[in-house]
Engineer: 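My questions all concern the structure below.
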Amino acid sequence: MSELYIRVAEDENEEPMEIPSEDDGTILLSSVAAQFPGACGLRYRNPESQCMRGVRLVEGVLHAPENDWGNLVYVVNYPKDNKRKMDEIDAASAVKVKRGFQKTSDLIVLGLPWKTSEQDLKDYFTTFGEVIMVQVKRDLKTGNSKGFGFVRFTEYETQTKVIAQRHMIDGRWCDCKLPNSKAGPDEPMRSRKIFVGRCTEDMTTDELRQYFMQYGEVTDVFIPKPFRAFAFVTFADDQVAQALCGEDLIIKGISVHISNAEPKHNNSRQMMDRGRFGAGGFSQGYGKMTACKINIYKHARVS
DNA sequence: GTTGAGCGTT
């Protein structure tokens, strides 16, 4: 069995994507997750019983049912579909967050007509959902609009919908985007990187990547050399990283402890950037920081 | 009194 592709889809009715197998006929979970970030497994509909069946997953490797992938379309499993142990609830909710339940943030509205008022904005955006706040940015002296403003919705779904389309406001096409401005008080600085304590020397970056993939897209794994019994894992989504902090996870039978990765202190540019957010680099109010610091100082200096 | 890609006085 070699150079095989199996068809995988997000949902039974979605268009499948072909995923390559390994030489031994297995499929790596990482191959699936490369196309479907956050995927933690596969399932398929058994043609005989018409029931959904799970695909065997061992150490990040998916095994063909009856040693033959056949011509079926396999469906991606995400962690939120799994029954989870209590101590994994935080991680599961992290994925829920990743899959839609998120705090809203201010959106910048670009291209407003000069005449558009805040009331106009509110009237327009209320047609999409409940509006918390609108602003039109103006010249302080003249009071003239600068042609852009901000809006914030109650529901995250509304925000998603509004970002996805263009808007005709008072006769001009406008765009709503996530601002690239600095993290404000409503959007605290959050690391996408976690500190993985109590690692053993036989854990490889690949294995850590395979393991943490189940919680969300992993963008980096770093194991300091020489061996220092900890590692760093960076996720694409900071909320996944944050939700894992404080967890004790079992990797290769070993209980590792997850905590916040302290920002590096040997980079002047980062120090400058973090200055805006306070001395620690993170916003106040993170109860888990203490445990995190203890861990870091106990093990080693972050470098 | 103008303008048309951008990024928010408090």
Side-chain angles (χ1 to χ4, degrees), chain A residues 37 94 97-193 216-217 219-220 234-243 260-265 267-286 289:
Chain A
V97 162
K98 181 182 168 59
R99 287 173 64 73
F101 178 77
Q102 250 174 299
K103 202 154 70 76
T104 62
S105 52
D106 295 355
L107 302 180
I108 187 165
V109 188
L110 267 2
L112 289 174
W114 312 117
K115 53 170 279 201
T116 299
S117 69
E118 311 210 333
Q119 188 60 51
D120 295 333
L121 268 193
K122 179 151 190 177
D123 290 345
Y124 173 78
F125 282 115
T126 301
T127 64
F128 292 87
E130 189 184 349
V131 171
I132 299 178
M133 174 283 309
V134 290
Q135 292 178 341
V136 172
K137 289 303 169 190
R138 303 176 181 279
D139 183 291
L140 264 53
K141 285 202 283 262
T142 68
N144 292 333
S145 166
K146 290 180 169 172
F148 71 96
F150 293 87
V151 61
R152 181 135 179 194
F153 296 96
T154 310
E155 301 294 330
Y156 189 76
E157 293 78 50
T158 313
Q159 167 170 326
T160 309
K161 190 167 59 181
V162 164
I163 293 175
Q165 69 174 72
R166 300 250 283 160
H167 300 274
M168 177 59 75
I169 303 176
D170 289 343
R172 272 183 60 92
W173 285 109
C174 303
D175 290 302
C176 294
K177 301 177 182 174
L178 288 167
N180 29 234
S181 53
K182 61 209 171 286
D186 56 332
E187 201 72 24
M189 178 85 176
R190 288 172 167 181
S191 180
R192 296 183 292 117
K193 193 193 297 187
E217 186 181 352
T219 59
D220 187 55
T234 308
F235 290 95
D237 189 334
D238 59 349
Q239 313 205 40
V240 174
Q242 289 305 312
N260 241 311
E262 190 91 327
K264 293 192 231 182
H265 284 296
N267 184 316
S268 59
R269 171 67 183 275
Q270 284 202 355
M271 291 291 276
M272 300 259 288
D273 285 344
R274 295 191 197 283
R276 295 194 312 237
F277 305 110
F282 294 93
S283 301
Q284 305 295 321
Y286 281 86
M289 279 305 277

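All figures in this text were calculated on a predicted structure; none of them were measured in a lab. In what follows, every chain begins at residue 1, and chains take the letters A, B, ... in the order their sequences are listed.
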Engineer: Hey, can you pull the residues of residues 119-141 of chain A with a non-hydrogen atom under 4.0 angstrom from DNA chain B?
Structural biologist: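 By residue number: A:Gln135, A:Lys137, A:Leu140.
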
Engineer: Who are the side-chain hydrogen bond (donor to acceptor under 3.5 Å, both in side chains) partners of A:Gln165, not counting sequence neighbours?
Structural biologist: none

Engineer: Would you please name every residue forming a side-chain contact (heavy atoms from CB on, under 4.5 Å) with A:Asp175, sequence neighbours left out?
Structural biologist: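 Once residues adjacent in sequence are excluded, the partners of A:Asp175 under the side-chain contact (heavy atoms from CB on, under 4.5 Å) criterion are A:Arg166, A:Lys177.
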
Engineer: What pairs with A:Thr160 under side-chain hydrogen bond (donor to acceptor under 3.5 Å, both in side chains), at least two apart in sequence or on another chain?
Structural biologist: none

Engineer: Less than 3.5 Å apart, which donor and acceptor atoms pair up between the side chains of residues 140-149 of chain A and the rest of the protein, not counting sequence neighbours?
Structural biologist:
{"from": "A:Thr142", "atom 1": "OG1", "to": "A:Asn144", "atom 2": "N", "distance (Å)": "3.0"}
{"from": "A:Thr142", "atom 1": "OG1", "to": "A:Asn144", "atom 2": "ND2", "distance (Å)": "3.2"}
{"from": "A:Ser145", "atom 1": "OG", "to": "A:Gly147", "atom 2": "N", "distance (Å)": "2.8"}

Engineer: Mind checking what makes side-chain contact (heavy atoms from CB on, under 4.5 Å) contact with A:Glu130, not counting sequence neighbours?
Structural biologist: A:Thr154

Engineer: Please list, chain by chain and in numerical order, all residues satisfying salt bridge (charged side-chain N to carboxylate O under 4.0 Å, His left out) with A:Asp220, sequence neighbours excluded.
Structural biologist: none

Engineer: Just jot down the ring pair (Phe, Tyr, Trp, His ring centres under 6.0 Å) partners of A:Phe153, sequence neighbours excluded, or say none.
Structural biologist: A:Phe125

Engineer: Give me the distances for all protein-to-nucleotides 1-5 of chain B N/O pairs that come in under 3.5 Å?
Structural biologist:
{"from": "B:dG4", "atom 1": "O6", "to": "A:Trp114", "atom 2": "NE1", "distance (Å)": "2.9"}
{"from": "B:dG4", "atom 1": "N1", "to": "A:Leu112", "atom 2": "O", "distance (Å)": "2.5"}
{"from": "B:dG4", "atom 1": "N2", "to": "A:Leu112", "atom 2": "N", "distance (Å)": "3.3"}
{"from": "B:dG4", "atom 1": "N2", "to": "A:Leu112", "atom 2": "O", "distance (Å)": "3.1"}
{"from": "B:dG4", "atom 1": "N2", "to": "A:Gly147", "atom 2": "O", "distance (Å)": "2.8"}

